[in-house]
Amino acid sequence: MFDKNSPVVKAAGYAIIGFFVLIIIISFGMPDFMSRLGGGDKSTAAVVNGEKLHIMDFFRFRDMRYGNRIKDAEKKEYQYIILENFIQYHLAAQLAEKSRIRVSDERVKRFIREIPAFQDQTGAFNRQYFNRYLEHSHQSLQEFYKSMKMDIMNQDFGQMMRYGAGASPDELRAQAAIEASRMQIRYCYASNNELKARIKDRLAVSEEEVDAELKKNRSEVKDPKTDRERIRTALEDRKFESEKKLLLDEIEKLAREGKPFEAAAAALGGKAQNSAVFKIGEQMKEEGGKGTVLFALNESPVFMEDLLLLAEGKTSRAINSVEGVYVFTPLRREVSLKPVDPKDAEALESRVMNEKANALMSASMMAFRENSRIQKYLRMEEK
């Protein structure tokens with residue numbers, strides 16, 4: 001009936017498709033689409049769960065909390081970070097309100113009157129100082145009142161998390177032991193490059209091996225000019241990993257048999273040295289010099305398992321990292337679970353509660369943010 005190749009029919013088809021695409025865009029993204037059309041509402045810095053955050057509130061937030069500490073606060077990279085903190089601040093207030101944190105008007109007024117900047121030499125509230133601040137910061141009494149109320153709500157929410165976290169006697173004892181602990185290890189390290197140099201003859205790849213690999217995996221053939229070197233490198237890496245596994249297995253056997261650290265260090269062939277003294281849970285560093293952090297050891301499950309269980313002088317299992325291979329032995333291990341000194345108990349309890357509260361707050365904020373709708377409209381080049 002209709003010629004599907006007709007230009008008119010094709011144009012009509014594209015128009016119908018375009019119409020439905022437009023409907024989808026409007027249905028799912030109308031608010032954001034309309035706000036950005038023609039530059040958007042430049043008075044809005046962001047919208048967080050339907051709450052519009054005015055751009056002047058953003059600038060006040062930036063100036064009050066950062067001031068001259070960030071000399072180039074209006075540069076794009078700094079404004080992005082500050083905008084994220086500004087949004088996080090409002091998210092925290094929303095979560096506090098959702099958690100039924102309430103602040104009375106009288107408490108906000110008392111809080112404002114107790115701000116030292118608004119008091120004279122006798123400690124009395126000075127209305128002139130207060131009005132001068134409002135004028136200087138370009139905000140009304142209602143705007144300042146709202147921001148102070150949010151500050152109190154966020155503080156109360158943090159305190160609620162802190163007291164909800166608590167700290168048991170066992171936790172205090174464990175924390176005291178951690179803080180008083182003194183650990184040190186002796187370790188041996190050989191980089192992949194050192195290991196490769198030592199066995200370079202066994203890693204050599206012949207032309208026949210390259211030919212065989214190309215023939216076996218024809219899908220690998222892409223560029224005749226570079227294929228051979230690429231395949232040669234891949235075969236060398238494969239041989240190295242095979243040789244490295246033999247070394248790891250050898251050290252693993254030494255560890256199972258309870259052999260001394262020196263035996264594993266000799267098999268590894270690297271340089272043995274001491275770490276700096278550290279506490280349980282601290283980042284372990286090299287001894288002396290720049291004190292470079294030993295990331296591969298700090299993040300290794302083998303290290304964490306063997307550190308407290310391994311007998312001094314005995315070798316650990318091999319720790320295989322992307323840079324090379326480590327083995328270690330405990331050199332110093334001082335851990336005491338004695339009762340907490342009463343004079344230190346209060347400060348220790350406060351630290352434990354703060355750490356637990358921070359972790360709880362972080363988890364709560366992350367979950368709340370993941371389920372929030374956040375739209376950012378601030379242009380980073382704006383002053």
Side-chain angles (χ1 to χ4, degrees), residues 174 177-178 181-206 209-210 212-213 230-336:
I178 288 171
S181 65
R182 293 294 180 271
M183 316 289 286
Q184 189 177 23
I185 66 166
R186 184 162 181 78
Y187 65 95
C188 180
Y189 168 68
S191 69
N192 287 337
N193 287 337
E194 289 174 321
L195 295 174
K196 285 179 180 178
R198 198 184 310 156
I199 57 172
K200 62 180 181 180
D201 292 341
R202 298 205 295 272
L203 301 183
V205 176
S206 67
E209 287 176 306
V210 175
E213 186 68 16
R230 179 171 55 80
I231 295 299
R232 186 187 305 279
T233 301
L235 289 173
E236 286 175 354
D237 290 342
R238 195 183 304 170
K239 285 188 176 185
F240 173 67
E241 289 304 320
S242 179
E243 293 287 339
K244 191 178 181 182
K245 187 177 184 308
L246 292 175
L247 174 62
L248 296 174
D249 290 343
E250 180 184 353
I251 295 174
E252 200 78 14
K253 185 172 183 289
L254 293 172
R256 282 199 310 270
E257 294 174 351
K259 299 297 183 182
F261 166 76
E262 288 74 15
L268 186 57
K271 179 184 176 183
Q273 59 192 88
N274 298 342
S275 73
V277 177
F278 61 97
K279 297 177 185 178
I280 295 173
E282 273 188 341
Q283 291 277 25
M284 186 174 49
K285 301 178 180 179
E286 292 180 350
E287 187 178 43
K290 296 180 180 179
T292 305
V293 176
L294 301 169
F295 289 107
L297 284 175
N298 284 311
E299 297 169 3
S300 166
V302 171
F303 174 73
M304 290 185 279
E305 290 171 14
D306 287 4
L307 178 61
L308 294 176
L309 299 176
L310 191 63
E312 292 183 20
K314 302 298 183 182
T315 186
S316 69
R317 295 169 286 170
I319 297 171
N320 186 17
S321 73
V322 292
E323 300 95 2
V325 180
Y326 289 85
V327 291
F328 75 92
T329 189
L331 199 62
R332 180 180 178 185
R333 190 164 49 195
E334 300 172 11
V335 183
S336 173

Problem - Exercise: identify the closest heavy-atom pair between I178 and I280 - result: CG2-O, 3.3 Å
Handout entry: Nearest-0.5 Å distance, NZ of residue K285 to OG of residue S275
Key = 12.0 Å
Problem - K196 atom NZ: more than 12 heavy-atom contacts under 6.0 Å - result: yes
Problem - Sidechain-backbone polar pair: R333 side chain, L310 backbone, donor-acceptor under 3.5 Å - result: yes
Practice task
For residues E250 and A267, report the shortest heavy-atom separation together with the two atoms involved.
Solution key: OE2-CB, 3.7 Å
Completion exercise
Tested for side chain to side chain contact (heavy atoms under 4.5 Å, CB included) against K279, the lone hit among M183, M284, R182 is R182
Exercise for the section: Check Y326 against A296 and note the closest heavy-atom contact, atom names and distance. Expected result: CE1-CB, 3.6 Å
Practice task
Report the distance from atom OH of Y187 to atom CD of Q273, rounding to the nearest 0.5 Å.
Solution key: 3.5 Å
Handout entry: Taking every non-hydrogen atom, the tightest pair across L268 and L195
Key = O-CD2, 4.0 Å
Completion exercise
Here the pair of heavy atoms bringing A264 nearest to I251 is CB-CG2, 4.3 Å
Problem - Spacing of CD belonging to E299 relative to CZ belonging to F295, to within rounding of 0.5 Å - result: 7.0 Å
Problem - Flag, side chain of R317 to backbone of A255, donor-acceptor distance under 3.5 Å - result: no
Exercise for the section: May I ask you to say whether E243 pairs ionically with K239, meaning some side-chain N is under 4.0 Å from a carboxylate O? Expected result: no
Practice task
Can you see which heavy atom on L297 is nearest to which on I185, and at what distance?
Solution key: CD1-CD1, 4.0 Å
Problem - Ionic contact status for K245 with D249, cut-off 4.0 Å - result: yes
Practice task
Without swapping roles, check the side chain of S316 against the backbone of F328 for a donor-acceptor pair under 3.5 Å.
Solution key: yes
Problem - Rounded distance [0.5 Å steps], CG in N192 versus OG in S321 - result: 7.0 Å
Problem - Main-chain N/O of T315 paired with T329 side-chain donor or acceptor, under 3.5 Å - result: no
Completion exercise
Taken to the nearest 0.5 Å, the spacing of K200 NZ from E236 CD works out to 12.0 Å
Completion exercise
When rounded to the nearest 0.5 Å, the distance separating CG of L247 from CZ of R198 is 7.5 Å
Problem - Main-chain N/O of S191 paired to E323 side chain as donor or acceptor, under 3.5 Å - result: no
Practice task
Please examine the side chains of V327 and L254, heavy atoms only from C-beta on, and report whether any two atoms are closer than 4.5 Å.
Solution key: no
